[in-house]
Amino acid sequence: MNEKAIVLDEQAIRRALTRIAHEIIEKNKGIDNCVLVGIKTRGIFIANRLAERIQQIEGKSIEVGELDITLYRDDLTTKSEDGQPFVKGSDIPVDINNKKVIVVDDVLYTGRTVRAAMDALIDMGRPSQIQLAVLVDRGHRELPIRADYVGKNVPTSLNEKITVHLTEVDKQDKVSIFE
């Protein structure tokens, strides 16, 4: 696959996350009773960055959790030698019952990852609301799921691929489109 274009550079990612942080605060009239939950792997780093921005804007912190949706996937293919799925484990430091849970991920595509995340959350408790924040929405939904907060809409064809690189994992920040 060849890199067709960089759709978000480091500055654009920073601006998008700052905007999303403001939108989260505005929509929820503050951050009381809110929890950010990042989907492993890159969603966690995006959630942490959003939490930092929210702290700067609001002057108070928001809880951040990690969600491993491996066992909830309907297309589970990653398995160990003994045939069991690789599970990284979830870590949500607060009770999510009656909380507004904002699920955070890097790319929204078919909606299946988000469906799996909602299933995992419901198994942990009963949030009053589940919202979705994504860095990139590339379209091609297979399920009736939409994001509440979007960094950038990037219309793609089915043979294109969006790749998110984050400093915490990939030593640089950028979002590219490949074909």
Side-chain angles (χ1 to χ4, degrees), residues 4 7-8 12-13 16-17 19-31 33-51 54 62-78 85-88 90 92 94-164 166 175-179:
K4 181 177 171 182
V7 292
L8 291 171
I13 290 171
L17 293 178
R19 182 173 35 78
I20 290 170
H22 280 282
E23 289 173 0
I24 288 170
I25 294 164
E26 188 175 325
K27 179 174 181 163
N28 294 292
K29 297 175 177 63
I31 56 164
N33 223 24
C34 292
V35 181
L36 294 173
V37 176
I39 297 175
K40 290 196 173 189
T41 295
R42 284 171 182 77
I44 295 163
F45 301 118
I46 295 169
N48 286 329
R49 292 183 189 190
L50 285 171
I54 289 169
I62 184 170
E63 293 282 352
V64 180
E66 303 179 358
L67 192 61
D68 180 3
I69 60 160
T70 306
L71 295 176
Y72 294 87
R73 296 291 310 211
D74 59 6
D75 60 351
L76 189 62
T77 54
T78 306
F86 289 114
V87 179
K88 300 173 194 106
S90 296
I92 300 177
V94 294
D95 181 3
I96 63 168
N97 284 301
N98 301 312
K99 294 263 198 297
K100 293 177 185 174
V101 176
I102 299 133
V103 174
V104 182
D105 203 8
D106 55 353
V107 178
L108 176 57
Y109 181 30
T110 62
R112 293 185 180 281
T113 297
V114 176
R115 184 210 48 85
M118 289 190 298
D119 287 348
L121 285 170
I122 298 301
D123 279 354
M124 293 177 189
R126 191 177 193 296
S128 64
Q129 204 174 78
I130 298 175
Q131 300 171 16
L132 176 62
V134 296
L135 184 58
V136 176
D137 183 344
R138 65 166 288 188
H140 303 289
R141 219 69 80 241
E142 294 175 3
L143 299 172
I145 289 173
R146 68 166 177 74
D148 299 276
Y149 316 100
V150 178
K152 185 168 179 73
N153 285 295
V154 181
T156 60
S157 70
L158 288 172
N159 63 336
E160 291 175 321
K161 181 176 172 133
I162 295 283
T163 305
V164 175
L166 297 175
V175 177
S176 302
I177 188 166
F178 287 82
E179 61 179 356

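With a 4.5 Å cut-off on side-chain heavy atoms, Val103 and Met118 do not count as touching. Residues Gln129 and Asn28 form a side-chain contact, since some pair of their non-hydrogen atoms from C-beta on lies under 4.5 Å apart. Taking 4.5 Å as the limit, some side-chain heavy atom of Arg49 sits within range of a side-chain heavy atom of Ile13. The shortest distance between side-chain heavy atoms of Leu121 and Ile92 falls below 4.5 Å. The shortest distance between side-chain heavy atoms of Ile130 and Ile122 falls below 4.5 Å. Taking 4.5 Å as the limit, some side-chain heavy atom of Ile25 sits within range of a side-chain heavy atom of Ile31.
Between Ile44 and Gly38, the shortest heavy-atom distance links the atoms CG1-O, 3.5 Å. Closest non-hydrogen pair, Leu36 versus Ala47, comes out as CD1-O, 3.5 Å.
When atom types are taken as modelled, the side chain of Arg126 and the backbone of Asn98 share no donor-acceptor pair closer than 3.5 angstrom. The main-chain N or O of Arg141 is never found under 3.5 Å from a side-chain atom of Thr110 such that the two would form a donor-acceptor pair. In this structure, the side chain of Arg115 engages the main chain of Tyr72 through a donor-acceptor pair within 3.5 Å. Between the side chain of Thr156 and the backbone N or O of Arg138 there is at least one donor-acceptor pair closer than 3.5 Å.
How far OG of Ser176 is from NZ of Lys4: 12.5 Å, rounded to the nearest 0.5 Å. Atom-to-atom distance recorded for Gln131:CD and Lys27:NZ is 5.0 Å, nearest 0.5 angstrom. The structure places CG of Asp148 at 11.5 Å from NZ of Lys100, a figure rounded to the nearest 0.5 Å. If you take CD1 on Ile69 and CG on Asp119, they are separated by 9.5 Å, rounding to the nearest 0.5 Å. Atoms CD1 and CD1, on Ile62 and Ile102 in that order, are 5.0 Å from each other to the nearest 0.5 Å. Taking CD1 from Ile39 and OG1 from Thr113, the interatomic distance works out to 6.5 Å, rounded to the nearest 0.5 Å.
Screening Val37, Ile96, Asn97 for a side chain to side chain contact (heavy atoms under 4.5 Å, CB included) with Met124, the sole residue that qualifies is Ile96.
Other residues, nucleotides and ligands contribute only 12 or fewer heavy atoms inside 6.0 Å of the CD atom of Glu26.
Residues satisfying the side-chain contact (heavy atoms from CB on, under 4.5 Å) criterion with Arg19, sequence neighbours excluded, are Ala16, Glu23. Evaluation of the side-chain contact (heavy atoms from CB on, under 4.5 Å) rule for Ala147 yields Leu108, Leu132, Val134, Val150 as partners, not counting sequence neighbours.
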